[in-house]
Amino acid sequence: MGGNDGAFYALDLNSGKCIWQFNEINGYIETRPLLTKDKVVFGAWDGYLYALKKRDGRPVWKWRGPAENALFSPAACWPVAVKNQLFVVAPDRFLTAIDLATGLTLWRSNRYKVRETIGADGHFVFAKCMRDTVFSLRPSEKAPRYNWVKNMDFGYDIANSMIQVKGQTAFFGTKNGLVVAFNIHDGKVIWKHKTGNSFIPTALPLSSSSLIVSSMDGFVVRLKYSNH
């Protein structure tokens, strides 16, 4: 886990004892780190994405996009990995594919105006854009390869509510209290549910028919749903 003290920590789950500590961060950390293979990967509000060894916290690489403004940091999104590639979206409105082993940029694209919402199911990557659109793509070393691009009619949205996948269904929330469920194979919207008018953080799928969502107006809601 990371915080606002310039450090990232690995703790023993049973005792709470610090196993290792990495102290070379110049901005606070709000993202959920990605655990993949032998690495832990996370962004911070200093402009950088970091990859550390899970075992001892040694740095493997750190990545930064071309924008020098820290407000464009890949810090709010939860990075995702598919095969040997890492994907992040940031406030600079670019989707970036990074080589997981080396930290080198494979490609960057702003064809669709992404912001800070992304997800993956182990095969494909899903990203929400700033107005109505969600797309799916498959890993590629040279350029984005889109499976589908869909208008889901959720309006203008900049909420960093990650796309969560459960089975064949994916979910995300919006800044206006809307929860959207769609089929991961074709992008068809399965259902929408309005919880209120406040920001919906990342949802938590409990099963193939149950979902927990919270909102900035103080509510926690359990939704039951069908995939049809």
Worksheet item: Taking only residues two or more places apart in sequence or in another chain, which ones pass salt bridge (Lys or Arg N to Asp or Glu O under 4.0 Å) with D38?
Response: K53
Contacts under 3.5 angstrom, residues 200-208 side chains, donor-acceptor by atom type, not counting sequence neighbours:
residue	atom	partner	partner atom	Å
T202	OG1	M162	N	3.0
S207	OG	S209	N	3.2
S207	OG	S210	N	3.3

Practice prompt. Report, as yes or no, whether the 6.0 Å neighbourhood of atom CZ on F219 holds more than 12 heavy atoms from other residues, nucleotides or ligands.
Written response: no
Worksheet item: Between atom CG of L52 and atom CZ of R58, what is the distance when rounded to the nearest 0.5 Å?
Response: 10.5 Å
Worksheet entry | Spacing of W20 atom CH2 and Y9 atom OH [to the nearest 0.5 Å] | 11.0 Å
Fill in: Same cluster (ILVMFWY, side-chain, under 4.5 Å), V80 and V89
yes
Worksheet item: Nearest heavy-atom pair of V82 and A120: which atoms, and what distance?
Response: CG2-CB, 3.9 Å
Worksheet item: What do you reckon, is NZ of K192 surrounded by more than 12 foreign heavy atoms closer than 6.0 Å?
Response: yes
Worksheet item: What distance do N197 atom CG and M216 atom CE have between them, rounded to the nearest 0.5 Å?
Response: 14.0 Å
Discussion item. How about CG on N110, more than 12 heavy atoms from neighbouring residues, nucleotides or ligands closer than 6.0 Å, or not?
Written reply: yes
Discussion item. My understanding is that a hydrophobic cluster links ILVMFWY residues whose side chain heavy atoms are under 4.5 Å apart, including indirect links. Using that, what else belongs to the cluster containing W63?
Written reply: L34, V41, L49, V60, W61, L86, V88, I98, L100
Sequence neighbours left out, cut at 3.5 Å: what donor-acceptor pairs do the side chains of residues 170-177 make with other protein atoms?
residue	atom	partner	partner atom	Å
T174	OG1	N176	N	3.2
T174	OG1	L178	N	3.2

Discussion item. Could you measure the distance from the CD1 atom of I212 to the CD atom of Q164? Nearest 0.5 Å is fine.
Written reply: 13.0 Å
Worksheet entry | Gap between atom CZ of R93 and atom OG of S109 - 0.5 Å precision | 14.0 Å
Discussion item. For a quick test of reading the model, state the closest non-hydrogen atom pair linking G16 to L11 and the distance between them.
Written reply: O-CD2, 3.9 Å
Item to complete: Just grab all the side chain to side chain donor-acceptor pair (under 3.5 Å) pairs involving residues 65-85, residues at least two apart or on different chains.
Response: K37-N84
Discussion item. Donor-acceptor check, side chain of T36 to backbone of K39, threshold 3.5 angstrom: yes or no?
Written reply: no
Fill in: Heavy-atom pair of closest approach, residues A90 and P74
CB-CA, 4.0 Å
Worksheet item: Given the rule in the side-chain contact (heavy atoms from CB on, under 4.5 Å) test, do K150 and F182 qualify, once you have shown the distances and angles that lead to the verdict?
Response: CA-CA 10 Å; K150 295 290 185 179; F182 65 89; over 6 Å; no
Under 3.5 Å, which donor-acceptor pairs link side chains of residues 22-33 to any protein atom two or more places apart or in another chain?
residue	atom	partner	partner atom	Å
N23	OD1	Q21	NE2	2.6
E30	OE2	W45	NE1	2.8
T31	OG1	C77	O	2.7

Worksheet item: Is K142 atom NZ crowded by more than 12 heavy atoms from other residues, nucleotides or ligands, each under 6.0 Å away?
Response: no
Worksheet item: What heavy-atom pair brings L223 and W191 nearest, and what distance separates the two atoms?
Response: CD1-CH2, 4.1 Å
Worksheet entry | Y48 six-ring face occupied by R64 cation (under 6.0 Å, within 45°) | yes
Fill in: Counterpart residues, salt bridge (Lys or Arg N to Asp or Glu O under 4.0 Å), relative to D186 (two or more places apart)
none
Item to complete: With sequence neighbours excluded, give me every salt bridge (charged side-chain N to carboxylate O under 4.0 Å, His left out) pair touching residues 211-228.
Response: none
Practice prompt. Give a yes or no on whether F124 and W148 share a hydrophobic cluster (residues Ile, Leu, Val, Met, Phe, Trp, Tyr; joining criterion: side-chain heavy atoms under 4.5 Å apart).
Written response: yes
Fill in: Linked, directly or transitively: V149 and F126 (ILVMFWY side chains, under 4.5 Å)
no
Worksheet item: Closest heavy-atom contact between P79 and F42?
Response: CG-CA, 4.5 Å
Determine all donor-acceptor pairs shorter than 3.5 Å in which one atom belongs to a side chain in residues 130-137; sequence neighbours excluded.
residue	atom	partner	partner atom	Å
D132	OD1	F154	N	3.0
D132	OD1	G155	N	2.6
T133	OG1	R131	O	3.4
S136	OG	N147	ND2	2.9

Item to complete: Spell out, yes or no, whether I158 and I118 are grouped together once hydrophobic residues are joined by side-chain heavy atoms under 4.5 Å, including indirect joins.
Response: no
Fill in: Partners passing salt bridge (Lys or Arg N to Asp or Glu O under 4.0 Å) against R108 (at least two apart in sequence or in another chain)
D92
Fill in: Residue list, salt bridge (Lys or Arg N to Asp or Glu O under 4.0 Å) with D157, at least two apart or on another chain
K128
Response to the item:
When every non-hydrogen atom of Y50 is compared with those of A44, the smallest separation belongs to CE1-CB, 4.2 Å
Discussion item. Distance check, rounded to the nearest 0.5 Å: H123 atom NE2 versus D121 atom CG?
Written reply: 6.0 Å
Worksheet item: Does any pair with a residue in residues 79-108 pass ring-ring contact (aromatic ring centres under 6.0 Å, His included), and if so which ones, sequence neighbours excluded?
Response: none
Worksheet item: Is there a path from L211 to V165 through hydrophobic residues (I, L, V, M, F, W, Y) whose side chains come within less than 4.5 Å of each other?
Response: no
